[in-house]
Asker: 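One structure, pasted below without further comment.
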Amino acid sequence: MWKSVPAAAGLWSGLTAAADEAPDLVVLGVPFEGGAGGAGGASLGPDRVRELSRRGKRISRHGVDFSHLRLRDAGNVATQRFDLTATIAHLRDVYREVFDTVDTPVVSIGGDHSSTYPMVGAAARGRRLGLIWFDAHPDVLDHYQGSHLSHGSPLRRLLDDGAVRPEDVLLVGTRAYDEGEPEYLAKLGVTELRAAEVGDDRVGALDRFRRLATDLAERTDGLYVSVDIDVLDASVVPGTGTPVAGGLDTAVLSTLLEQIPDHVLAYDVMEFAPAHDVGGMTGHAVMSIVTTMIARVAAGSR
């Protein structure tokens with residue numbers, strides 16, 4: 001088994017699997033912010049989510065009890081705070097072992113979004129992977145602040161590496177572009193469901209997403225779902241490095257996650273920076289996302 005820093009006892013509201021139980025879900029923390037270009041603090045995200053999990057719900061927002069689910073928190077992956085290149089390489093090795101040995105869905109909690117590059121790359125090894133990427137930013141900059149591995153570039157690296165096909169990527173909630181990004185996406189034919197589309201016609205956008213996600217699941221060998229919490233409106237998530245106005249609300253994001261077919265190999269929730277939170281509202285939003293993911297896994301494990 002890969003090496004990680006063990007999590008404390010008493011977490012996840014009693015959902016933790018006993019030592020002799022096979023888990024339905026594995027959780028890993030990635031406490032790394034060496035790729036962040038905005039406000040720091042995302043390395044504290046995994047442990048803050050664990051603290052909040054002590055008061056987590058075991059009944060979904062639809063009233064469905066998922067207390068039968070058994071979860072194994074495998075702790076935090078070791079990272080090198082000041083070495084982005086080494087950490088990316090280490091995460092690639094760790095997650096290759098994870099996806100080679102774990103036969104249940106994996107939920108990773110970051111950490112900045114640069115970590116998603118090696119995580120998705122590992123998940124895509126040996127399979128055609130569908131990628132659903134929730135983010136205010138498309139993350140397809142070739143370089144950002146002098147680095148080609150920062151949190152401004154993970155999707156660009158995955159596409160340029162050929163880890164995922166452009167037609168197998170669905171970007172959701174995008175609204176903050178840097179120069180050249182729209183042209184790059186259009187050239188490759190990456191599908192977007194922009195935040196503006198959701199705002200202009202919520203019902204139509206939800207229906208389009210459901211069709212796109214279903215088609216993606218049908219033509220791939222599994223899905224990876226990545227959520228940068230800045231996909232939510234800045235008024236909802238002040239505790240993130242690069243908040244952007246004009247985003248989704250938590251109810252819409254939960255609905256979108258619930259519409260994804262039961263074909264998900266892994267989820268991640270990235271860019272939660274607890275030190276910048278205001279009144280705990282970002283933590284509540286993040287726990288809503290994580291709870292929705294857990295409930296989705298539980299529904300598929302019965």
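Only heavy atoms go into these numbers, but all of them, side chains included; no hydrogens, no water, no symmetry mates. Just so you know, residue 1 is the first one in the sequence shown, and it goes up from there. Quick caveat, the model's predicted, so the values are computed rather than measured.
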Asker: With salt bridge (charged side-chain N to carboxylate O under 4.0 Å, His left out) as the rule and sequence neighbours excluded, what pairs involving residues 148-158 come up?
Answerer: Asp142-Arg157, Arg156-Asp160, Arg157-Asp160

Asker: Applying side chain to side chain contact (heavy atoms under 4.5 Å, CB included), run through Leu232 and Ile289 and close with a yes or a no.
Answerer: CA-CA 11 Å; Leu232 295 169; Ile289 297 167; 4.1 Å; yes

Asker: Does some side-chain heavy atom of Asn76 sit less than 4.5 Å from a side-chain heavy atom of Arg50?
Answerer: yes

Asker: Check whether the side chains of Asp268 and Ser226 place a donor and an acceptor atom closer than 3.5 Å, and report yes or no.
Answerer: yes

Asker: Are any of the side-chain heavy atoms of His137 and Thr174 separated by less than 4.5 Å?
Answerer: no

Asker: For Tyr144, what residues pass the ring-ring contact (aromatic ring centres under 6.0 Å, His included) criterion, not counting sequence neighbours?
Answerer: His151

Asker: What residues form a salt bridge (Lys or Arg N to Asp or Glu O under 4.0 Å) with Glu21, not counting sequence neighbours?
Answerer: Arg70

Asker: Using side-chain heavy atoms (C-beta onward) and a distance below 4.5 Å, is Leu171 in contact with Val190?
Answerer: yes

Asker: Out of Arg296, Arg210, Arg61, which residue meets the side chain to side chain donor-acceptor pair (under 3.5 Å) rule with Glu258?
Answerer: Arg61

Asker: For Thr79 and Pro31, work out which heavy atoms get closest and say how close.
Answerer: OG1-O, 3.5 Å

Asker: Hey, are the side chains of Phe209 and Ile132 touching, using non-hydrogen atoms and a 4.5 Å cut-off?
Answerer: yes

Asker: Show me the donor-acceptor pairs within less than 3.5 Å that the side chains of residues 237-248 make with the rest of the protein, sequence neighbours left out.
Answerer:
unit_1 : atom_1 : unit_2 : atom_2 : d
Thr240 : OG1    : Glu271 : O      : 2.6
Thr242 : OG1    : Asp230 : OD2    : 3.2

Asker: Taking only residues two or more places apart in sequence, or in another chain, which ones meet Tyr267 in a side chain to side chain donor-acceptor pair (under 3.5 Å)?
Answerer: none

Asker: Salt bridge (charged side-chain N to carboxylate O under 4.0 Å, His left out): which pairs involve residues 282-293, sequence neighbours left out?
Answerer: none

Asker: Determine, stepwise, if the pair Phe32 / Val77 fulfils side chain to side chain contact (heavy atoms under 4.5 Å, CB included).
Answerer: CA-CA 9 Å; Phe32 182 68; Val77 180; over 6 Å; no

Asker: Answer yes or no: is there a donor N or O on one side and an acceptor on the other, between the side chain of Ser13 and the main chain of Ser53, under 3.5 Å?
Answerer: yes

Asker: Any ion pair linking Arg211 and Asp215 (charged N to carboxylate O, less than 4.0 Å)?
Answerer: no

Asker: If I compare all heavy atoms of Ser60 with all of Phe66, which pair ends up nearest, and what's the gap?
Answerer: N-CE2, 3.5 Å

Asker: Holding to side chain to side chain donor-acceptor pair (under 3.5 Å), I want the full list of residues that pass it with Arg125, two or more places apart in sequence or in another chain.
Answerer: Asp100

Asker: Going by heavy atoms in the side chains, are His284 and Met287 under 4.5 Å from each other?
Answerer: no

Asker: Residues two or more places apart in sequence or in another chain: which of them pass side chain to side chain donor-acceptor pair (under 3.5 Å) with Arg219?
Answerer: Asp168

Asker: Please collect all ring-ring contact (aromatic ring centres under 6.0 Å, His included) contacts where either partner lies in residues 102-123, sequence neighbours excluded, each pair once.
Answerer: His113-Trp133

Asker: Going through the checks in order, is the side chain to side chain contact (heavy atoms under 4.5 Å, CB included) test met by Leu257 and Val227?
Answerer: CA-CA 10 Å; Leu257 290 170; Val227 178; 4.3 Å; yes

Asker: Below 4.5 Å, heavy atoms only, C-beta onward: do Val203 and Asp207 meet side chain to side chain?
Answerer: no

Asker: Sub-3.5 Å donor-acceptor pair from the side chain of Thr214 to the main-chain atoms of Pro261, do we have one?
Answerer: no

Asker: Do the side chains of Val269 and Val49 get nearer than 4.5 Å, heavy atoms only?
Answerer: no

Asker: Partners of Asp249 by salt bridge (Lys or Arg N to Asp or Glu O under 4.0 Å), sequence neighbours excluded?
Answerer: Arg202

Asker: Is Met281 isolated, or which residues cluster with it under the ILVMFWY side-chain rule of less than 4.5 Å, directly or via members?
Answerer: none

Asker: Using the salt bridge (Lys or Arg N to Asp or Glu O under 4.0 Å) criterion, which residues pair with Glu192? Sequence neighbours excluded.
Answerer: Arg194

Asker: If you group Ile, Leu, Val, Met, Phe, Trp and Tyr by side-chain heavy-atom gaps below 4.5 Å, do Met270 and Leu25 land in one group?
Answerer: no

